[in-house]
Amino acid sequence: MLDLKFIRENPDLVRQAIANKNEADKLNELLALDGRRRDIIGEVEALKHQKNVASENVAKTKKAGGDASDAILALRAVSDKAQALDESLRQVEEQILQLQLRIPNIPNSDVPVGDESANQELRYWGERPSLAFKPAPHWELGETLGIYDGAAGANVSGSGFFVLKGAGAKMQRALVSFMLDRHTAHGYIEHRLPYLVTARTMQGTGQLPKLAEDMYHIEADDLYLIPTAEVPLTNLSAGAIIPADLLPQKAVAYTPCFRRESGAHGKDTRGMLRVHQFDKVELVKVVEPEHSYDELELLLADAEAILQALKLPYRVKLLATGDLSFAAAKCYDLEVYSAGVDTWLEVSSCSNFVDFQARRMNLRARPKGGGKPFFPHTLNGSGLALPRTMIAIWENYQTAKGSIIIPEVLVPYMGGQTEIA
RNA sequence: GGAGAGGUGGCCGAGCGGCCGAAGGCAGCUGCCUGCUAAGCAGUUGGCGGGGAAACUCGCCCCCGGGUUCGAAUCCCGGCCUCUCCGCCA
């Protein structure tokens with residue numbers, strides 16, 4: 001979230017960001033509450049000071065063996081009044097927090113303003129495959145080869161779930177291992193994470209309160225299934241003050257991701273394009289504020305390296321303000337071209353959240369020589385989302401006879417297998 | 001799931017309901033001393049918020065949230081977490 005003081009001092013900037021991100025504008029309400037909050041604080045603290053002084057006098061009187069019953073009687077009134085004020089302060093602060101949690105991050109100045117039509121396609125990499133036959137979509141390929149079973153997924157869990165079998169399942173595992181190996185070679189520390197997290201954790205990275213409808217919630221224990229490893233991975237040190245010389249922290253984790261996709265019914269329903277559960281390898285960085293935009297470029301390059309190694313054609317998009325997520329200040333999307341469905345599939349979003357998430361989760365860092373703790377910047381990016389990466393492999397590497405050539409870098413991870421036929 | 005123990009500052013560890021934001025120790029920092037290091041001596045070292053240009057000042061913080069009280073680290077209730085034992089279990 002944004003610093004209350006910053007909001008107070010830069011209302012126009014904040015209002016513009018809200019408009020650019022198409023969020024509800026509750027700024028005036030927030031500012032009014034903030035004024036009330038400070039009024040109450042002034043009052044309640046004066047009262048408490050009075051109370052503290054008088055209370056000390058009671059102690060002294062009693063110690064000296066005197067009678068303090070009059071003073072005590074007078075104090076009771078002051079004490080009650082302070083308590084009542086404290087209660088209204090608590091209420092105002094809760095209201096402020098609820099509003100504050102719904103104010104989006106401010107887009108960085110180099111982010112194009114506008115809706116998704118203002119997104120900038122920055123560059124293309126690789127050649128789209130030129131197939132001498134009409135490429136089949138992955139669900140046809142997969143079902144024919146016996147490596148994908150959509151019906152079985154629906155059978156056990158309903159629509160939006162799928163099953164991989166044989167070489168399909170193995171390729172998914174191969175991709176996970178390959179990605180983890182690449183990223184750890186680039187200095188990311190591998191993590192295994194909980195898939196269920198608390199509401200507080202969801203709030204830390206910005207999923208709650210806004211996206212409550214998009215997540216699976218376990219009622220009995222009040223836990224949420226993670227929609228991305230970003231959530232547990234970024235929150236690992238939430239609430240703590242970490243030594244700044246531990247920065248930058250680079251972490252990678254493979255987890256399944258669970259999404260209700262409540263707003264997306266009827267969209268991309270075939271195959272593995274949009275599903276309720278999918279695997280993803282995620283990169284997270286916690287860095288010094290002054291380096292975060294450089295780190296974003298490096299993060300993007302680390303994600304791109306996977307697509308390049310797999311020889312999959314892709315493009316890089318810089319998202320416009322209207323397409324930017326609630327918590328992000330700047331974001332690049334990586335989209336892979338997939339021949340069967342003949343579209344660009346988003347396989348990674350690389351974002352810089354600056355101090356927005358750190359402030360929400362109260363994650364701070366202590367400067368090397370000591371001094372005031374500061375909010376580090378957090379970043380994340382998929383490296384990469386699995387089903388769509390695999391879709392692109394199946395569809396781009398398919399042959400006229402219906403088999404799939406396995407990308408070279410994956411062959412060692414597939415036990416030497418070079419083709420799925 | 002059952003029974004017990006415990007959560008205090010960067011760490012260890014004390015703490016009768018009233019100068020306790022908290023003894024003492026360690027670690028850190030600053031002086032002094034000293035060929036260097038160590039030791040010794042003295043001082044110093046938390047977070048958040050309000051006011052102030054600033055020096056500074058006020059309030060809150062002893063796991064969290066309530067309660068009792070003029071006054072709570074200290075008493076009461078609830079929760080969370082950690083540890084030990086038993087049971088169950090991949």
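Note on naming: letters A, B, ... go to the chains in the order of the sequence lines (proteins, then strands), and numbering restarts at 1 for each one.
- Atom P of G46(B) sits at a distance of 16 Å from the matching atom of A55(B), rounded to the whole Å.
- The main-chain N or O of E140(A) is found under 3.5 Å from a side-chain atom of T144(A) such that the two form a donor-acceptor pair.
- Distance CZ (F6(A)) to P (G49(B)): 16 Å, rounded to an integer number of Å.
- For C56(B) and U44(B), the P atoms lie 14 Å apart once the distance is rounded to whole Å.
- The partner of A53(B), taking Watson-Crick or G-U wobble pairs whose two distances both stay under 3.5 Å, does not exist in any strand shown.
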In the 5'-to-3' direction, what one-character label does each nucleotide of nucleotides 15-23 of chain B receive under the scheme B = base within less than 4.0 Å of a protein heavy atom, S = sugar-phosphate only, - = no such atom?
-> ---B-----
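- Under the Watson-Crick or G-U wobble criterion, with both distances below 3.5 Å, A3(B) is paired with U84(B).
- Side chain of N396(A) to main chain of A339(A): a donor-acceptor pair is present (N/O by atom type, distance under 3.5 Å, no hydrogens or angles).
- Under 4.0 angstrom from either OP1 or OP2 of G71(B) there lies no side-chain N or O belonging to R76(A).
- Residue-level contact check: R36(A) touches neither bases nor backbone, having no heavy atom under 4.0 Å from any strand.
- Nucleotides C32(B) and C20(B) have their C1' atoms positioned 32 Å apart, rounded to a whole Å.
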Going through the checks in order, is the side-chain hydrogen bond (donor to acceptor under 3.5 Å, both in side chains) test met by E190(A) and Y254(A)?
-> CA-CA 8 Å; E190(A) 185 172 346; Y254(A) 150 72; over 6 Å; no
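- The interatomic distance linking D86(A) (CG) with G71(B) (P) rounds to 12 Å, in whole Å.
- Comparing C86(B) with C12(B), their P atoms are spaced 27 Å from each other, to the whole Å.
- Among the atoms of the strands shown, none is found under 4.0 Å from any heavy atom of R200(A).
- Rounding to whole angstrom units, CD of residue E43(A) and P of G49(B) are separated by 22 Å.
- One can place CZ of F375(A) at 8 Å from P of C48(B), the figure rounded to the nearest angstrom.
- Nucleotide C61(B) holds its P atom 18 Å from the CD1 atom of I241(A), rounded to whole Å.
- The partner of A38(B), taking Watson-Crick or G-U wobble pairs whose two distances both stay under 3.5 Å, does not exist in any strand shown.
- Across all strands shown, nothing is found opposite G9(B) as a Watson-Crick or G-U wobble partner with both distances under 3.5 Å.
- For D214(A), the side-chain contact (heavy atoms from CB on, under 4.5 Å) partners at least two apart in sequence or on another chain are L211(A), S262(A).
- Side-chain atoms of L89(A) and R37(A), non-hydrogen and from C-beta on, do get closer than 4.5 Å to each other.
- What separates CZ of R38(A) from C1' of G49(B) is a distance of 11 Å, to the nearest Å.
- In this structure, R90(A) pairs ionically with E87(A), as a charged nitrogen and a carboxylate oxygen lie closer than 4.0 Å.
- Contact annotation: S79(A) reaches the phosphate of G71(B) (side-chain N/O to OP1 or OP2, under 4.0 Å).
- Separation of the C1' atoms belonging to C58(B) and C64(B) is 26 Å when rounded to the nearest angstrom.
- Comparing the P positions of G65(B) and C61(B) gives a spacing of 10 Å, expressed to the nearest Å.
- When atom types are taken as modelled, the side chain of E395(A) and the backbone of V341(A) share a donor-acceptor pair closer than 3.5 angstrom.
- Counting only distance, with no hydrogens or angles, the side chain of D221(A) and the backbone of L223(A) share no donor-acceptor pair below 3.5 Å.
- Pairing for G59(B) is with C48(B), a Watson-Crick or G-U wobble pair whose two hydrogen-bonding atom distances lie under 3.5 Å.
- Rounded to whole Å, the separation between the C1' atoms of U57(B) and C62(B) comes to 24 Å.
- What separates CZ of R90(A) from P of G65(B) is a distance of 10 Å, to the nearest Å.
- At G47(B), one or more side-chain N or O atoms of R366(A) fall inside 4.0 Å of OP1 or OP2 (strictly under the cut-off).
- Going from the P atom of A73(B) to that of A23(B) covers 15 Å, rounded to whole Å.
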Could you go step by step and tell me if Q249(A) and K285(A) meet the side-chain contact (heavy atoms from CB on, under 4.5 Å) rule?
-> CA-CA 5 Å; Q249(A) 286 185 336; K285(A) 287 186 184 182; over 6 Å; no
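- Between E87(A) and P373(A), it is P373(A) whose nearest contact on RNA chain B lies nearer the 5' terminus.
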Let me have a per-nucleotide readout for nucleotides 54-60 of chain B, 5' to 3', with B, S or -, counting only protein heavy atoms under 4.0 Å.
-> ----BBS
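- Taking a pair to require two hydrogen-bonding distances under 3.5 Å in either a Watson-Crick or a G-U wobble arrangement, G43(B) pairs with C29(B).
- One can place CG of L47(A) at 14 Å from C1' of C70(B), the figure rounded to the nearest angstrom.
- For the pair K210(A) and F326(A), the cation does not sit on the ring face, since its NZ or CZ is not both under 6.0 Å from the ring centre and inside 45° of the axis.
- Checked by atom type and distance alone, the side chain of R259(A) never pairs as donor or acceptor with a backbone atom of V275(A) at under 3.5 Å.
- Between the E419(A) side chain and the A421(A) main chain, no donor and acceptor come within less than 3.5 Å of each other.
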